[in-house]
2 protein chains.
Amino acid sequence: MSQTTLPGLALCNNAMLRRATRKLGQFYDDVLAPSGLKATQQGLLYQIHIGNEPTMGAIAAALVMDLSALGHTLKPLIRDGYIETFSDPADRRIRRVRLTSQGRIKLEEALKLWQVAQQRFEEMFGKEQAASLRAALDEIAALDFDVPPAAS
Amino acid sequence: MSQTTLPGLALCNNAMLRRATRKLGQFYDDVLAPSGLKATQQGLLYQIHIGNEPTMGAIAAALVMDLSALGHTLKPLIRDGYIETFSDPADRRIRRVRLTSQGRIKLEEALKLWQVAQQRFEEMFGKEQAASLRAALDEIAALDFDVPPAAS
DNA sequence: TTTCAATGGTGGCATATGCCAATAATTCGT
DNA sequence: ACGAATTATTGGCATATGCCACCATTGAAA
């Protein structure tokens, strides 16, 4: 009877977010499977595609992702020949990323599948509700939890 | 100009969900850091705590998580002495999980920090909005994307 | 220009998650 | 009771993500 009395983790915003992410991620991954890409990879390719040979830092910032995490995540995509990186001639610390022609083809293929997943999900969840959910999620991603000390 | 014309990934429900999860996860993790637990681990300890010596399968189902993933995630917690598993006497295939006394203490400690994170987030995002967000996320976790073939 | 702090990445290590192929323990049909 | 089908886990391998330490390059100060 304990479990009916205690609050459960349904109150934790973070836990609920992760749980829904697992669920939705599996669905998008399933639909994208025929392309051989995971949803995260497709998103990454797309982000690179819409950027203008973006820098790693720019991509990481756009995705609210740790720079080193991004680096790790790019590796399989580089290995599989979908993207390539190159140093910015003006500042050799900077590395820019772009799709290879193979990457462009693969992205196009994956986008078709993505549309299927996206549509199917919104059909079940509600297009309106999906839009407001995305808005809320965007707000969260933009929140500025003030960094602790920052003794300037 | 490409990037101002093309839709960006803000339309992808899955990508937005992941992005928000990264952001919020980092925040909760930061706040929980003094306890030495990640937010995922705290959530797991809590889930075990409110269950009645739950089975691995029950926990995985509640969290909409792959059973093997759960197994992997439990390892550090077992290693650190916060939880322990034991076979169900009635069905030795089943393994049940429970907190150790050390785990109960650690969970209590982490819960205090969790409240701080939870409160701070809701203060910024809005208590009402957080509640409806959780409701939406719960709905997603409960969706039944009909499994493909299932030729019964 | 010599030096040094700041910027941008990479590599190592650890957790989070998933899929698939064993394994072990049960259950069931005959 | 025996062997097939089922159930509950574990282990191996791969991606997703983060933190921290370290290296290369710049830009600014002395």
Side-chain angles (χ1 to χ4, degrees), chain A residues 14-15 17-30 32-33 36-45 47 54-61 63-80 82 85-97 152, chain B residues 14-15 17-30 32-33 36-45 47 54-61 63-80 82 85-97 152:
Chain A
N14 186 49
L17 202 43
R18 293 190 84 87
R19 191 167 67 135
T21 297
R22 282 191 292 270
K23 179 78 172 202
L24 199 59
Q26 271 179 281
F27 174 59
Y28 275 71
D29 278 354
D30 283 349
L32 278 172
L37 293 179
K38 312 294 263 356
T40 47
Q41 301 181 314
Q42 182 268 320
L44 213 38
L45 288 192
Q47 180 68 36
T55 66
M56 306 250 330
I59 300 171
L63 299 183
V64 187
M65 170 179 285
D66 181 273
L67 182 54
S68 76
L70 174 63
H72 299 317
T73 304
L74 289 183
K75 279 186 187 161
L77 294 170
I78 294 173
R79 178 201 60 200
D80 296 340
Y82 298 139
T85 63
F86 59 101
S87 295
D88 185 313
D91 183 341
R92 286 176 326 193
R93 285 172 303 182
I94 296 177
R95 282 190 88 66
R96 291 180 176 279
V97 189
S152 64
Chain B
N14 187 48
L17 202 43
R18 292 191 83 87
R19 190 167 68 134
T21 297
R22 282 191 291 270
K23 179 78 173 203
L24 200 58
Q26 274 180 277
F27 175 59
Y28 275 72
D29 277 354
D30 282 350
L32 278 173
L37 292 178
K38 312 294 260 1
T40 47
Q41 301 181 313
Q42 183 267 317
L44 213 39
L45 288 191
Q47 181 69 35
T55 67
M56 305 248 334
I59 300 173
L63 299 182
V64 186
M65 170 179 286
D66 183 273
L67 183 54
S68 75
L70 174 63
H72 299 316
T73 304
L74 289 183
K75 279 187 187 159
L77 293 171
I78 294 172
R79 178 201 60 201
D80 296 341
Y82 298 139
T85 64
F86 59 102
S87 294
D88 184 313
D91 183 341
R92 283 176 328 191
R93 285 172 303 182
I94 296 177
R95 284 192 86 66
R96 292 180 174 277
V97 189
S152 64

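To find a chain, count down the sequence lines: A is the first, B the second, and so on, and within it residues start at 1.
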- Which letter, B, S or -, goes with each nucleotide of nucleotides 6-12 of chain D from 5' to 3', with contact meaning a protein heavy atom under 4.0 Å? BBSBBBB
- Taken to the nearest 0.5 Å, the spacing of A:T40 OG1 from A:Q47 CD works out to 13.0 Å
- Message: Categorize B:R79 for me: base, sugar-phosphate, or nothing, with a 4.0 angstrom heavy-atom threshold over every strand shown.
- Response: sugar-phosphate
- Please find the earliest and latest nucleotides of DNA chain C, in the 5' to 3' direction, that have an atom within less than 4.0 Å of any heavy atom of chain B. C:dT15 to C:dT26
- State which residues pass side chain to side chain contact (heavy atoms under 4.5 Å, CB included) with A:T85; sequence neighbours excluded, sorted by chain then number. A:I78, A:R95, A:V97
- Query: Between B:P76 and B:T73, which heavy-atom pair has the shortest distance, and what is it?
  - Reply: CD-O, 3.2 Å
- Message: Holding to side-chain hydrogen bond (donor to acceptor under 3.5 Å, both in side chains), I want the full list of residues that pass it with A:D66, two or more places apart in sequence or in another chain.
- Response: A:S68
- Query: Toward the 5' end of DNA chain C, which comes first, B:R92 or A:K23, by nearest nucleotide?
  - Reply: A:K23
- Is A:L32 close to A:Q41 at the side-chain level, that is, under 4.5 Å between some pair of heavy atoms? no
- Message: Has A:D80 got a side-chain atom pairing as donor or acceptor with A:Y82's backbone, closer than 3.5 angstrom?
- Response: no
- Task: Sort and list the pairs that fulfil salt bridge (Lys or Arg N to Asp or Glu O under 4.0 Å) and have at least one residue in residues 20-30 of chain B, not counting sequence neighbours.
- Result: none
- Note on the structure: Sorted by chain and residue number, the side-chain hydrogen bond (donor to acceptor under 3.5 Å, both in side chains) partners of B:R92 (sequence neighbours excluded) come out as none
